[in-house]
Amino acid sequence: MSSHAAKSGEVRVRFAPSPTGYLHVGGARTALFDWLFARHYGGKFILRIEDTDVERSSPEMVEEILEGMRWLGLDWDEGPFFQSERTEHYRKAARELLESGHAYYCYCTPESLKERRDLAMKEKRNYKYEGTCRRLTSAQIEVNEGRGLPRAVRFKVPESGTVEISDHVFGKIEVAHEQIEDFVLLNSKNHPTYHLSVVVDDMEMRITHVVRGADHVSNTPKQILLYRAFGAEIPEFAHLPLILGPDKAKLSKRHGTTSVTAYRDMGYLPEAFRNFLALLGWSPGDNTEIMSTDELIERFSLDKINQSNAVFDIQKLDWLNRQYIGASTAERLAPMVQKALESKHLWRDEFNEAEREYFFATIDMLKSRMHSINDFAESGQAFFTDVYEIDEAAAKKNLKDPALKELMPLLASRLKAHDVFSLESSEQALRALAEEKQVKAGLLINAARVLLTGRAVGPPLFHIMVQLGRERTATRLERISTLTFHQ
RNA sequence: GUCCUCGUCGUCUAGCCCGGCCUAGGACACCGCCCUUUCACGGCGGUAACACGGGUUCAAAUCCCGUCGAGGACGCCA
């Protein structure tokens, strides 16, 4: 790492969401990268809530964001700090700028500004604040003040020259001062605006690295100008490429689900989701895809972040999720499966007590073919309740042979007749019956699976039988006589 | 309209900075085959990309210029 980290010895990064919505995928990715960076260098990860826009911010959204971060395991070392509680700091800073001649009062009304902007837009002209109030004489100012006109505070952007951003991801970016308008620092209600509060906070919180989305690149020159005006040290910047929807536009609500907690509710594992996010815009440089948290922290580096935007590919997320589910222990999965069952009213407390072993064994049996945690409650429902549905297509396919109406109960009685009930004994019983009745074993196997689980697909039949136990297996096989749709 | 950025398989990417090892590697998805009582898992194989045009060079995905395409930002929002 260059200058800052080396100099101060401590990396300090912040994630600064605005609580005008839930934690979305893009924000989560930013938070993850900030967090990984801080952890990699043993630095501090600071959480700051940018709620200066009181009208659009809400405490519920703050809680939502925190919940999303907790779910992803992104723990913060300091904060959350709320900008709404720091207004005085910003006002004081604005006063300083006014006194040092880096800012001025502006009496233009928002309405007249909007008019001018709209007109420019209509004429397809570029609009930039023309600096009317920047050139006010002291006499004119006195008049305005005397009339008690509402005033905003604007930053005085230098007339000529350029600002250079040195970005860890994009390299050098140069912007001419004349491209930057005199932006508002304090609005006419004396409330700080984004640029002011960010810079003041980043200075006061001694942020060494600003790691944020690339949608902030164009804000950076203004902020650098502010640091300079304050005579402060400028942090290092790393702008992250954007996450796009399938149509290649910045990912947003209209692309479907973007809330992080919604992914939790859809049955994704936080570690899978985190791994997936890490791979969006970053790669370790070799072909490694599945990485533990420690590995991610260990291998993460700013210069491996790439510059082009990335499309959110849910299929890859699904794949990762399946990988993680398959590799997880039943113990890890159990609490999540419980939640999924609860929401489908399939949960019974016995699963954590007398039937705990059964519950865990079922998870182990099913996990290799589950794409999400919610699948346990859907394709796996027959293992948790006796009132499972029987898939019609499956029944049509595997129960249509009329002979089955006799064979299945027969199989049930054979199973009951054996003194042992095991993988071997049940298979033996079924195959013996098939041979005796001159039918293919597959006919009985596939029919039995549908009867036992309601599905044509699932674990190997004899595993299902042993898992369900002799009694339930027999009962379910006999149920064929009560079914009507197979004729 | 102005400014900024990006451009390798459908998607995520490695390679690019420091030209030759690239007849461009991996992964997801897709398609075959194997395994198999189904579906998964797993294994093997396949289709598929350097946006385009110039230049520099013995040699360019890699360096330079241009074109085109895409995205982002242009608020008294953040």
Side-chain angles (χ1 to χ4, degrees), chain A residues 16-20 50-53 55-57 83 106 108-110 113-114 117 120-121 123-129 150-154 165 167 170-171 173-176 178-181 183-191 193-195 197-198 213-221 239 241-242 244 246 248-250 276 279-290 303 306-320 322-323 326 366-371 379 394 397-398 427 430-431 440-446 448-450 455-462:
Chain A
S18 171
T20 52
E50 310 225 318
D51 56 351
T52 52
D53 186 347
E55 266 118 69
R56 297 203 304 153
S57 303
Q83 291 192 324
C106 174
C108 299
T109 64
L113 253 15
K114 188 178 185 307
R117 189 173 299 113
M121 188 97 97
E123 292 172 359
K124 293 202 164 199
R125 244 175 41 235
N126 186 27
Y127 179 77
K128 181 185 134 193
Y129 177 61
R151 60 190 193 187
V153 176
R154 279 187 192 268
I165 307 170
D167 189 274
F170 293 102
I173 300 170
E174 218 181 26
V175 178
E178 61 174 16
Q179 291 300 329
I180 309 169
E181 72 169 2
F183 51 98
V184 171
L185 261 19
L186 240 37
N187 67 22
S188 49
K189 288 188 184 119
N190 208 214
H191 283 292
T193 263
Y194 171 70
H195 295 293
S197 52
V198 176
D215 44 351
H216 285 286
V217 181
S218 52
N219 291 327
T220 310
H239 287 94
L242 267 16
L244 275 23
K248 311 267 177 118
K250 188 163 79 159
F276 172 68
L279 260 15
L280 240 34
W282 176 81
S283 101
D286 57 20
N287 293 325
T288 315
E289 307 246 40
I290 296 184
D303 47 58
N306 63 285
Q307 296 156 290
S308 44
N309 297 339
V311 172
F312 183 92
D313 179 16
I314 195 140
Q315 293 193 117
K316 186 118 180 189
L317 206 211
D318 286 339
W319 173 75
L320 272 166
R322 191 172 64 217
Q323 297 298 312
L366 295 176
K367 71 182 185 187
S368 79
R369 62 208 86 215
M370 299 290 107
H371 287 220
S379 56
K397 187 177 165 215
N398 294 334
E427 176 156 10
L430 182 141
R431 291 195 187 278
K440 285 210 234 163
L443 175 74
L444 302 183
I445 288 169
N446 290 323
R449 183 181 294 101
V450 174
R455 310 247 161 186
V457 302
L461 179 69
F462 305 109

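Nearest heavy atoms, V450(A) versus A394(A): CG2-O, 3.8 Å.
Among the protein residues, F462(A) comes within range of the nucleic acid bases, having at least one heavy atom under 4.0 Å from a base atom. Residue-level contact check: F170(A) touches the backbone only, with heavy atoms under 4.0 Å from sugar-phosphate atoms and none from bases. No contact: G213(A) has no heavy atom under 4.0 Å from any strand. Residue-level contact check: R455(A) touches neither bases nor backbone, having no heavy atom under 4.0 Å from any strand. As judged by a 4.0 angstrom heavy-atom cut-off over every strand, P246(A) is placed among residues making no nucleic acid contact. No engagement by D286(A) is indicated, since no non-hydrogen atom pair under 4.0 Å with the nucleic acid exists.
For R431(A), the listed nucleotide lying nearest its side chain is rU37(B); candidates were rG71(B), rC4(B), rU37(B).
Here the straight-line distance linking atom OG of S379(A) with atom CE of M370(A) works out to 3.5 Å at 0.5 Å rounding. One finds the OG1 atom of T20(A) at 13.0 Å from the CD atom of E55(A) (value rounded to the nearest 0.5 Å).
Salt bridge present: E289(A) and K316(A) bring a charged side-chain N and a carboxylate O closer than 4.0 Å.
For rC44(B), the paired base is rG32(B) (Watson-Crick or G-U wobble, both distances below 3.5 Å). Base pairing of rG71(B): its partner is rC4(B), meeting the Watson-Crick or G-U wobble criterion (both donor-acceptor distances under 3.5 Å). In a base pair of the Watson-Crick type (N1 to N3 plus N6-O4 or O6-N4) or a G-U wobble (N1-O2 and O6-N3), with each distance short of 3.5 Å, rC17(B) is matched with no nucleotide. The nucleotide rG66(B) finds its pairing partner in rC52(B), both defining distances of the Watson-Crick or G-U wobble pair being shorter than 3.5 Å.
A sub-4.0 Å separation between OP1 or OP2 of rC77(B) and a side-chain N or O of N187(A) is present. A sub-4.0 Å separation between OP1 or OP2 of rC74(B) and a side-chain N or O of R125(A) is absent.
Straight-line distance between the C1' atoms of rC16(B) and rU8(B): roughly 10 Å, to the nearest whole Å. rC17(B) and rC65(B) are spaced 15 Å apart, taking the P atom of each and rounding to whole Å. If you take atom C1' in rG7(B) and the same atom in rC18(B), they sit 23 Å apart, rounded to whole Å. Taking atom P on both rC4(B) and rG20(B), the two are 31 Å apart, rounded to the nearest angstrom.
Considering only residues two or more places apart in sequence or on other chains, N306(A) meets the side-chain hydrogen bond (donor to acceptor under 3.5 Å, both in side chains) condition with S308(A). For T220(A), the side-chain hydrogen bond (donor to acceptor under 3.5 Å, both in side chains) partners at least two apart in sequence or on another chain are R212(A), H239(A).
When each of Q83(A) and K124(A) is assigned the nucleotide of RNA chain B with its nearest heavy atom, K124(A) is the one assigned upstream, toward the 5' end.
A donor-acceptor contact under 3.5 Å is not formed by the side chain of S218(A) with the base of rC74(B).
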- Query: Where along nucleotides 41-49 of chain B does protein come under 4.0 Å, by heavy atom, of base (B) or sugar-phosphate alone (S), with - for untouched nucleotides?
  - Reply: SS-------
